[in-house]
Amino acid sequence: KIQSNSNVIICLDIDSMDPSITPNTIGRVPGGLTYFQVLNLIKLAATKARIRAIDFTEIMPEVDIDGIGGLTVSRLIATTMGIIARQKNND
């Protein structure tokens, strides 16, 4: 549970995502989270707390297929940067 008005760091292991959109990881297992499910989790966290950092792990560029995984993670990073920029700063 995220406490209201807290600070959070989001750590996202891309193994949790469906390999059709993140083939650039060691543990490809079908049925993972979709791009929009991950994005909605990030947005939900931002409604409860201030996102102070985000970390994407288990990325292996050498096994990516046609750059799909890199593009997916890059889009999530860019979108998260926008979400963070629009948060109210209550320091």
Side-chain angles (χ1 to χ4, degrees):
K1 181 177 177 181
I2 299 175
Q3 294 182 351
S4 294
N5 298 318
S6 60
N7 295 316
V8 297
I9 297 172
I10 298 173
C11 298
L12 181 67
D13 184 334
I14 67 162
D15 283 343
S16 66
M17 298 180 71
D18 192 276
S20 66
I21 58 170
T22 53
N24 55 335
T25 190
I26 295 172
R28 293 183 193 152
V29 179
L33 297 168
T34 68
Y35 173 85
F36 292 105
Q37 287 172 326
V38 172
L39 185 56
N40 286 334
L41 288 170
I42 294 168
K43 287 179 180 179
L44 182 60
T47 64
K48 298 285 283 179
R50 288 175 302 280
I51 299 172
R52 294 300 187 179
I54 190 162
D55 180 13
F56 292 85
T57 63
E58 298 296 323
I59 297 172
M60 292 187 59
E62 60 272 15
V63 298
D64 203 353
I65 299 171
D66 295 332
I68 294 168
L71 180 61
T72 300
V73 173
S74 297
R75 284 182 168 177
L76 284 169
I77 291 169
T79 303
T80 303
M81 289 170 60
I83 291 167
I84 291 170
R86 288 190 291 280
Q87 291 184 118
K88 292 182 179 168
N89 194 358
N90 296 325
D91 291 334

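Count residues from 1 along the sequence. Quick note: numbers below take in every heavy atom, side chains included, and nothing from hydrogens, waters or symmetry partners.
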Point-to-point distance, once rounded to the nearest 0.5 Å, from [atom1] of [X] to [atom2] of [Y]:
X: I21; Y: R75; atom1: CD1; atom2: CZ; answer: 10.5 Å
X: Y35; Y: N40; atom1: OH; atom2: CG; answer: 10.0 Å
X: I42; Y: T47; atom1: CD1; atom2: OG1; answer: 12.5 Å
X: N24; Y: D66; atom1: CG; atom2: CG; answer: 12.0 Å
X: T80; Y: L39; atom1: OG1; atom2: CG; answer: 7.0 Å
X: M81; Y: I83; atom1: CE; atom2: CD1; answer: 11.5 Å

Minimal non-hydrogen separation, [X] against [Y], with atom names:
X: A49; Y: V8; value: CB-CG1, 3.8 Å
X: P30; Y: D18; value: C-OD2, 4.0 Å
X: R50; Y: Q87; value: CA-OE1, 3.3 Å
X: I51; Y: A46; value: CD1-CB, 3.9 Å

*asked:* Any non-hydrogen side-chain atom of K48 less than 4.5 Å from a side-chain atom of N5?
replied: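 They are not in side-chain contact.
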*asked:* By the definition side chain to side chain contact (heavy atoms under 4.5 Å, CB included), identify the one residue from I10, I84, N7 that meets it with R52.
replied: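 Testing each of I10, I84, N7 against R52, the sole residue satisfying side chain to side chain contact (heavy atoms under 4.5 Å, CB included) is N7.
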Please say yes or no: joined through hydrophobic side-chain contacts below 4.5 Å, possibly via intermediate residues, are [X] and [Y] part of one cluster?
X: L71; Y: I77; value: no
X: L44; Y: M17; value: no
X: I54; Y: F36; value: yes

*asked:* Pair V29, D15 - check side chain to side chain contact (heavy atoms under 4.5 Å, CB included), show working.
replied: CA-CA 8 Å; V29 179; D15 283 343; over 6 Å; no
N/O donor to acceptor pairs below 3.5 angstrom from side-chain atoms of residues 56-65, sequence neighbours left out:
residue : atom : partner : partner atom : Å
D64     : OD1  : G69     : N            : 2.9
D64     : OD2  : G69     : N            : 3.4
D64     : OD2  : G70     : N            : 2.9

_Main-chain N/O of R28 paired to T25 side chain as donor or acceptor, under 3.5 Å_ =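 No, the answer is negative, given that no donor and acceptor are paired below the 3.5 Å cut-off.
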